Amino acid sequence: MTVFCCVGTATWVGGGYINGTAEVVFRGGKGNGLVWCQGPFGYAVSLLIAGFFFAEKMRSEGYVTMLDPFQQKFGHRMGALLFIPALLGELFWSAAILSALGATITVIVGLSDTLSVIVSAIIAVAYTMFGGLYAVAYTDVVQLFCIFIGLWICVPFALTDARVAPISSTKSHWLGELEVNSIGSYIDSYMVLLFGGIPWQAYFQRVLSARTSHGAKVLSYVAAFGCALMCIPSILIGAVAYSADWTNTTFGRMPGENGKASEATLVLPLVLQNFTPAFVSFVGLGAVSAAVMSSADSSILSASSMFAWNIYRPLVRPKASDREILWVMKFAVFAMGAVATVLAIFIPSVYGLWFLCSDLVYCVLFPQLVLVLYYSSVNTYGSLAGYLVGMVLRLLGGEVILGLPAAVRYFYYAEHDTTGDGNLDTVVQLFPFRTFAMLISLLTIVGVSALTKFLFVRKRIISKRWDFFRCFEELDITRLSYPSEPPISSAPMTAEWSGGSPMTERNCWELAETKPEPPVPYQRRGLRPVSVIHFATEGEDNLGYVSTAL
């Protein structure tokens, strides 16, 4: 159980977690600082929510991956579409991890940022490809202890260094500032983390491997506590980074000065290198590297396993052997690592990548997961409509981190000059448009599912021939006839029972007023009228047979 809980905590506590937390606290001011450090606390609460509402339900159903309920309910093709936001989330998460590991290697070895990210990717991909799930689990335990011990050892030395002012004297900066006009986007960001942190294969990979449903819930609760605890050293180190006198260090200046804003991603390893003794710095930087590896392997492995199990096997090679699936997973690991490397090189902010990974997952995947588990009437038509609506609304809002301009300016926005040329060239949405996109997607799924059911079944306005997704197929039992007395023989039942006369009156177990006991295997303990069958039609042919179609 100890190993299991440590693995759950290590799922979130990685390089993006500790480096990104220190980065946003160090940046401080408007839109940054501790008040905007939403990631650690948001993800911790999301684990509590996931444990209470989702972990036990998913585990008790015996699913293998997070996409299984979607494919069972909506079909393999719709499951493949839902794989896209899940894949993008894992890609951004992996990119944040590689960027953090690259920053650490840059400080330790002195390589360039790009080369450091490439080296990090090679290490992470090789580690994942040849390790597998057991290697991931047991190394996560070791790495988590390294992070906890290593960073907490470094914090007292950094706080008491002679070149570091008391962090209380600079708290007006590193605490950050929340402006009134930013409250909408602030709430929106928290909602993304609270609910966008749930539909993750990296999380459900742990939950679904639990021996019991109760164990899956315990994993989530312990992991939530661990996440909240593990962010404290990073917060303190971010405050130290702003309070320190960098001119008396080998680095020579405050990170981010001289127009190099991307250096803010390096603050945690730089503080450990410059404001702690050499032996402590060695332990701390090793802890950072361990933190990165603890989530790099799980993120890449979870995406590759979803691709092999939910995309390749059902859609490409249904009869693929286990050995073939294994090789497909290894190829997917390599491809995931390559794409994540490109993202890590071209997106400079570790915290930005870390936050962005939950964005599409929240807008598109979260409402789908809620409804597929808790709304039995949802169907493929509703799922597809909600998917398209959520995706379009989110993309129209733009994304500053990716340089994607806003095509639609929602009800409340601000314009900023990001290039310094005096032109307001960037639109920042202050309206909670992500939550808006998620809610509209959820309502669309419910509405379209109800509408198609009404049109195809309730009123039969549209012929079943046009049911392209085959959501309303009828179970035809026209050829079954029911004698008034069940047969005594224990022989297996056939489509038409021998020895029984054709039924000339409506005296079958579903339709008769007296409702005689039905024969096996149609035995019911209680009377059950036709109205409770989901879709039932009845008719009488020329010979007097009564047919019921479900």
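Note that the structure is a prediction, hence the values are computed from the model and not measured.
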Participant: State, yes or no, whether a side-chain contact exists between Ser358 and Trp200 at a heavy-atom distance under 4.5 Å.
Facilitator: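 In contact.
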Participant: Return the minimal non-hydrogen interatomic distance between Trp36 and Asn32, and the atom names on each side.
Facilitator: CD1-O, 3.3 Å
Participant: Restricting to side chain to side chain donor-acceptor pair (under 3.5 Å), what partner residues turn up for Thr65, sequence neighbours left out?
Facilitator: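 Expected list: Asp68, Asn310.
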Participant: Are the side chain of Tyr381 and the backbone N or O of Phe469 linked by a donor-acceptor pair below 3.5 Å?
Facilitator: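 Present.
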Participant: Just how far is it from atom CG of Leu87 to atom CG of Leu82, taken to the nearest 0.5 Å?
Facilitator: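 CG of Leu82 is found 12.5 Å from CG of Leu87.
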Participant: Mark yes or no for whether Arg434, through its side chain, and Leu360, through its backbone, hold a donor-acceptor pair below 3.5 Å.
Facilitator: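 No: the side chain of Arg434 does not pair with the backbone of Leu360.
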Participant: Does Thr380 use its side chain to pair, donor to acceptor, with the backbone of Phe74 at less than 3.5 Å?
Facilitator: yes
Participant: May I ask you to decide whether Glu324 forms a salt bridge with Arg313, counting only side-chain N to carboxylate O separations under 4.0 Å?
Facilitator: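 Salt bridge: no.
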Participant: According to the interplanar angle, ranging from 0 to 90°, do the rings of Tyr312 and Phe307 count as parallel (below 30°), tilted (30 to 60°) or perpendicular (above 60°)?
Facilitator: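 Plane angle between 30° and 60°, so tilted.
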Participant: So does Cys471 get a backbone contact from the side chain of Asn379, meaning a donor-acceptor N/O pair under 3.5 Å?
Facilitator: no
Participant: If we count only N and O atoms by modelled type, under 3.5 Å, do the side chains of Ser449 and Tyr375 hold a donor and an acceptor together?
Facilitator: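 No pair is found: no donor N or O on one side chain lies under 3.5 Å from an acceptor on the other.
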Participant: Just by distance, do the side chain of Lys73 and the backbone of Ser376 share a donor-acceptor pair under 3.5 Å?
Facilitator: yes
Participant: What residues, two or more places apart in sequence or in another chain, satisfy side chain to side chain contact (heavy atoms under 4.5 Å, CB included) together with Arg323?
Facilitator: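 Per chain and number, Arg323 pairs via side chain to side chain contact (heavy atoms under 4.5 Å, CB included) with Ser321, Trp327.
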Participant: Please confirm whether the backbone N or O of Ala303 pairs with a side-chain atom of Glu90, one donor and one acceptor, at under 3.5 Å?
Facilitator: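 A pair under 3.5 Å: no.
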Participant: Minimum heavy-atom separation for Ser46 and Leu194, please, with both atom names.
Facilitator: CB-O, 2.9 Å
Participant: Between Phe468 and Trp466, how do the two ring planes meet: parallel, tilted or perpendicular, split at 30° and 60°?
Facilitator: perpendicular
Participant: Treating Arg206 as the side-chain partner and Leu219 as the backbone partner, does any N or O pair qualify as donor plus acceptor under 3.5 Å?
Facilitator: no
Participant: Partners of Lys217 by salt bridge (Lys or Arg N to Asp or Glu O under 4.0 Å), sequence neighbours excluded?
Facilitator: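 Residues passing salt bridge (Lys or Arg N to Asp or Glu O under 4.0 Å) with Lys217: Glu56.
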Participant: Got a donor-acceptor contact below 3.5 angstrom from the Gln38 side chain to the Tyr186 backbone?
Facilitator: yes
Participant: List the atom of Tyr43, the atom of Gly197, and the distance in Å for their closest heavy-atom pair.
Facilitator: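 Scanning both residues, the minimum pair turns out to be CE2-CA, 3.8 Å.
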Participant: Before giving the answer on side-chain hydrogen bond (donor to acceptor under 3.5 Å, both in side chains), spell out for Gln368 and Ser383 the whole-Å C-alpha distance, their side-chain angles and the decisive distance to 0.1 Å.
Facilitator: CA-CA 7 Å; Gln368 302 271 357; Ser383 176; 2.7 Å; yes
Participant: Have a look at Tyr387 and tell me which of Ile84, Thr444, Leu365 forms a side-chain contact (heavy atoms from CB on, under 4.5 Å) with it.
Facilitator: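 Of the listed residues Ile84, Thr444, Leu365, the side-chain contact (heavy atoms from CB on, under 4.5 Å) partner of Tyr387 is Ile84.
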Participant: Measure the spacing between CD of Gln72 and CD of Glu61 and express it to the nearest 0.5 Å.
Facilitator: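 Answer rounded to 0.5 Å: 8.0 Å.
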